Amino acid sequence: ATFNFYFGSSLALLILRHADNLSKSLQTKDMSAAEGQIVAAMTNSTLKSMRSDDGFDCFWQRVTAMAKDLDIPDPELPRRRKIPRRHDDGCAPDFPSTVKDHYRAIYFEALDLITCCIDDRFNQPGYKMYEKVEILLMKAAASKPYAEELKHVLTFYGDEFDPLQLSTQLEVLSNYFRSKDKVVLSDVIEFFQTKFWSIGASVAGHEIGQSTTCNACY
């Protein structure tokens, strides 16, 4: 094995174990959208904390020590490539002065990529609306005021839902769970799937579909 391959594999393991932990957390049965966003933010914060000279130095020392134990050849700078004349604007491209600088750039780029992907996924308008749908259902189940959330959902989905029928079913939902001390999202979705497969169920269906999409991305 070359050092380049070993370094890449070690970096992939570092990053993907955090991505896998996030994925498994998001697939927890009763994980809510708000809770999912908190877990994603925690994962991103952890990854971003690694993107520093100190974080790289620690990783570099560990990888080079292990490579030495495995008799992997010492790392070398890649050969400087000559720019074709048609693309040469007279400005010399940046080229790392040391092997360590070369791998530091790779390390930083990989961390930037994964954190940007997580940020993009959880800041999408669809995910924000998914969160509002979830809050609407949970507030109704807990007999709390939900007029603002209902307005957002009806505005977003337009003619997909009958406002009067949805409001009626949310009132039934509130009454159904009134005597329960604790209600989780899966209880609400099951309620609509088994009791009212119509307007309210369609809202819950959007909840299920968006949840599946979010989990599948990780």
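Because only heavy atoms are used, hydrogens play no part in the values below, and waters and symmetry mates are left out as well, while side chains stay in. These numbers were taken from a predicted model, which means no experiment stands behind them.
Here the CG atom belonging to Leu170 is positioned 11.0 Å from the CD atom belonging to Gln165, to the nearest 0.5 angstrom. The structure places CD1 of Ile118 at 12.5 Å from CD of Gln37, a figure rounded to the nearest 0.5 Å. Put simply, CG on Asn4 and CD1 on Ile72 are 11.0 Å apart, with the number rounded to the nearest 0.5 Å. Taken from CD in Glu134 to CD in Glu35, the straight-line distance is 7.5 Å, to the nearest 0.5 Å. Atoms NZ and CD, on Lys144 and Glu149 in that order, are 11.0 Å from each other to the nearest 0.5 Å.
With a 4.5 Å cut-off on side-chain heavy atoms, Tyr146 and Ile135 do not count as touching.
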Show every donor-acceptor pair shorter than 3.5 Å between a side-chain atom in residues 46-58 and any protein atom, with sequence neighbours excluded, or say none if there are none.
from	atom 1	to	atom 2	distance (Å)
Thr46	OG1	Met42	O	2.9
Lys48	NZ	Asp119	OD2	3.3
Ser49	OG	Thr46	O	2.5
Arg51	NE	Asp112	OD1	2.5
Arg51	NE	Asp112	OD2	3.2
Arg51	NH2	Asp112	OD2	3.2
Ser52	OG	Gly55	N	3.0
Asp53	OD1	Arg104	NE	3.4
Asp57	OD1	Lys100	NZ	3.0

Could you walk me through whether Val133 and Tyr157 pass the side chain to side chain contact (heavy atoms under 4.5 Å, CB included) test, one step at a time? CA-CA 11 Å; Val133 169; Tyr157 288 111; 4.0 Å; yes
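Closest of all the heavy-atom pairs between Arg178 and Ser143 is NH1-OG, 3.6 Å.
Thr43 places a side-chain N or O within 3.5 Å of a backbone atom of Val39 that can act as its donor or acceptor partner. Between the side chain of Asp187 and the main chain of Val184, a donor-acceptor pair closer than 3.5 Å is present. Side chain of Ser23 to main chain of Ala19: no donor-acceptor pair is present (N/O by atom type, distance under 3.5 Å, no hydrogens or angles).
Between Tyr130 and Phe122, the ring centre distance reaches or exceeds 6.0 Å.
Ring geometry, Tyr103 versus Phe7: the interplanar angle falls from 30° to 60°, so the pair is classed tilted.
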